[in-house]
Trainee: 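The following block contains the structure, expressed as structure tokens.
Keep in mind it's a predicted model, so treat the numbers as computed, not measured.
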Amino acid sequence: MTGRRGLDRRSFLQGGAAALGGAALALGGRELVEAAGGPVPGGGATAGGAPGAPTAPDDAVGRATEGFRGTRQAGVATPPQASAAFVALDLAGDVDRAALVRLMRIWTDDIERLTSGRAPLADTEAELAAVPARLTVTVGFGPAALAAAGVDEASVSWPAALPPFGIDRLEDRWSGGDLVLQVCADDPLTVAHAVRLLAKDARSFAEVRWVQRGFRRAVGTTPSGTTMRNLMGQVDGTANPHLDVDANLIWREDGSTSMVVRRIAMNLDTWDELDRDGREKAVGRRLDTGAPLTGGTEHDEVDLEAEDEHGLTVVAPFAHVRRARTDDRAQRFLRRGYNYDDAPSGGAVSDSGLVFVTFQADVEAQLVPVQRRLDELDLLNEWTTPVGSAVFWVPPGAGSGEILGQSVLGG
Amino acid sequence: MSNTRTITRTSTRTDSLDHRPSADPSSATVPSETSGRAPRAPRSLLVGVAAASLTLVLAGCASDDGAAASPPASTGSSSSAGSTESDGSAEADALTMTDPWVKAVDEGMTAAFGTLENSSDADLVVVSATTTAGSTAELHEMAEGDDGAMTMQEKEGGFVVPAGGEHVLEPGGDHVMVMGVTDPILAGDPIEVTLTLEDGSTLDVEAPARTYSGANESYDEHGDDGHDHS
Ligand code: HEM
Ligand SMILES: [Cu+2]
């Protein structure tokens with residue numbers, strides 16, 4: 001390890017090699033950002049720096065960028081960044097299709113600049129834009145935005161909201177929204193600046209309805225590709241669809257998808273009462289490695305049929321992983337959530353949970369049946385409570401010369 | 001717009017199937033930028049360089065700057081916001097404006113900003129401006145009044161863009177004052193500003209509007225009504 005300050009060298013070399021050439025070049029007095037794809041936290045890729053490779057600059061994490069233009073929006077298949085903010089906005093009453101076009105023109109330009117480390121027009125804190133840190137901004141439309149665009153909801157085929165579930169204790173302040181911005185980066189200051197700029201630029205169109213901030217471990221604190229842990233201490237995100245093999249579960253043919261954001265509170269005080277064995281049985285996986293209770297390593301298949309010496313299934317009938325899957329392989333979706341840990345109120349020790357975020361081609365066909373099963377039976381429900389819920393249509397990415405939402409706004 | 005300015009080269013990660021590098025303006029802008037910084041060259045050569053540079057600017061704009069471009073539904077095909085276009089005359093050929101924008105306003109006065117760049121080896125002077133968004137446009141600067149307060153006033157002699165250099169128009173500094181706005185300038189819509197140089201050649205600029213809290217500069221002796229000024 002030659003990494004400084006304990007940073008994992010591999011995580012730099014992963015994508016940092018290209019950044020080597022990117023030592024800031026000054027041309028005409030301006031800095032050129034020549035950034036690499038960056039490190040790959042949670043990306044499942046294995047690290048591998050060639051021996052003797054030159055050392056990456058120590059701000060490689062900050063310089064790294066994710067592409068913006070393309071047929072699909074970034075921030076979905078992108079290896080999850082360390083920090084996130086989810087911002088839902090409500091449209092002003094007079095926003096029509098023409099106004100939405102203007103807003104998308106602004107956001108498209110803002111996002112293209114921000115994600116490449118350039119300050120947007122009229123950015124009053126332009127210096128904060130200089131650290132892209134793999135920033136992605138994913139824009140989603142709620143029902144009112146689609147209505148304003150004059151789009152028949154059926155034509156994009158997604159529900160305005162999830163059906164109600166028995167476990168739900170939904171609060172208005174965490175639910176719904178006409179537009180959403182998912183802002184992710186490997187640096188929280190980068191996220192904060194992008195959020196403020198994008199919300200400011202939307203002032204004449206929409207006002208902020210709710211903001212949910214989330215986090216995973218900081219880059220360089222765990223080896224690249226490590227599955228995240230949630231605040232219950234569990235390895236969370238192991239059994240996700242494969243980004244390529246299962247691409248049709250995540251994307252529609254036109255590059256659009258849908259995004260479900262559920263705020264799920266954790267009762268860590270009662271979770272504390274449960275011993276390790278009980279905690280593992282509630283999920284069906286080990287706490288230390290995330291491996292199935294039926295053996296193997298983290299990414300080995302769970303054997304739902306395996307029995308113990310008493311003839312009981314090793315993975316209990318109520319275990320989360322048993323309940324969260326069906327025999328229908330089409331009933332799967334991409335989970336890309338973040339931890340939240342906000343200031344508690346009313347004498348509580350903490351206010352913690354998961355900003356549970358999924359992407360799927362078809363909410364009703366893929367996510368709803370699974371959520372319904374979990375609603376019926378899932379031991380985790382003892383300690384978790386959905387307090388917010390929202391569903392958004394995520395338009396295709398903006399191709400060259402296009403604005404976000406072009407397929408429904410572009411005429 | 002980034003077309004002549006910041007160069008970003010993005011390498012996509014191998015498993016990122018769905019994204020192209022976001023910023024290929026680099027290919028178009030590198031030569032443009034380089035020529036913009038070219039050391040002194042014979043005048044005849046410069047005209048050629050400047051023209052080539054302009055072509056690249058426009059190409060960069062059309063292919064990469066769709067962010068701000070109007071969708072097909074709206075205005076004409078050549079109206080990508082933030083682009084700059086000259087009428088082919090000598091002085092304007094060497095002038096570009098990067099990242100132009102205007103403060104959105106319902107009526108009255110507002111101001112346009114951006115960075116003027118001169119790719120020639122002689123100073124260029126912008127002597128006047130017009131706009132379709134208001135009845136009048138003026139070239140303004142900020143100056144300290146007798147009471148120590150900063151107010152804006154017309155800039156004597158216009159905006160000088162030094163040879164091979166730039167001149168920044170920004171809130172709190174020089175700006176193109178737009179007066180007599182009657183139709184609201186809506187955030188996201190571009191306005192057209194035409195800058196005239198000493199030799200009479202002109203540069204057309206499309207400046208997209210942004211909601212902006214600052215740029216509330218006050219006038220010195222003219223009061224707040226833009227019409228007084230025209
Ligand atoms: C705070 C709430 C939740 C917590 C703490 C939680 C935690 C976990 C954990 C630890 C795993 C095992 C590791 C993994 O594969 O990621 C898991 C798996 C899974 N969870 Fe959750 N989960 C929560 C809510 C949900 C919800 C609301 C859904 C769906 C609507 C869901 C769907 C799934 C699925 C599909 C799997 C993979 C099952 C498999 O195929 O093995 N989870 N979850
Ligand atoms: Cu003025």
Trainee: Just by distance, do the side chain of A:R102 and the backbone of B:D189 share a donor-acceptor pair under 3.5 Å?
Mentor: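 Checking the backbone N and O of B:D189 against the side chain of A:R102, no donor-acceptor pair under 3.5 Å is found.
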Trainee: Measure the OH-CG distance between B:Y212 and A:D123 for me, rounded to the nearest 0.5 Å.
Mentor: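 Between atom OH of B:Y212 and atom CG of A:D123 there are 9.0 Å.
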Trainee: With a 3.5 Å distance limit and no angle check, can you tell me whether A:R203 reaches the backbone of B:T211 through a side-chain donor-acceptor pair?
Mentor: yes
Trainee: Quick one: does B:S213's side chain get under 4.5 Å of A:K200's, heavy atoms only?
Mentor: no
Trainee: Quick one: list whatever passes salt bridge (Lys or Arg N to Asp or Glu O under 4.0 Å) with A:D246, sequence neighbours left out.
Mentor: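 If we apply the salt bridge (Lys or Arg N to Asp or Glu O under 4.0 Å) test to A:D246, skipping adjacent residues, the hits are A:R332.
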Trainee: Got a second to check how far B:R210's CZ is from A:I106's CD1, nearest 0.5 Å?
Mentor: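 These two atoms lie 5.0 Å from each other.
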Trainee: What heavy-atom pair brings B:P100 and A:L121 nearest, and what distance separates the two atoms?
Mentor: O-CD1, 3.7 Å
Trainee: For the CG atom of B:L186 and the CG atom of A:L103, what is their distance to the nearest 0.5 Å?
Mentor: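 Reported value, rounded in 0.5 Å steps: 12.5 Å.
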Trainee: Please determine if B:D99 and A:R118 form a salt bridge, counting it only when a charged side-chain N lies under 4.0 Å from a carboxylate O.
Mentor: no
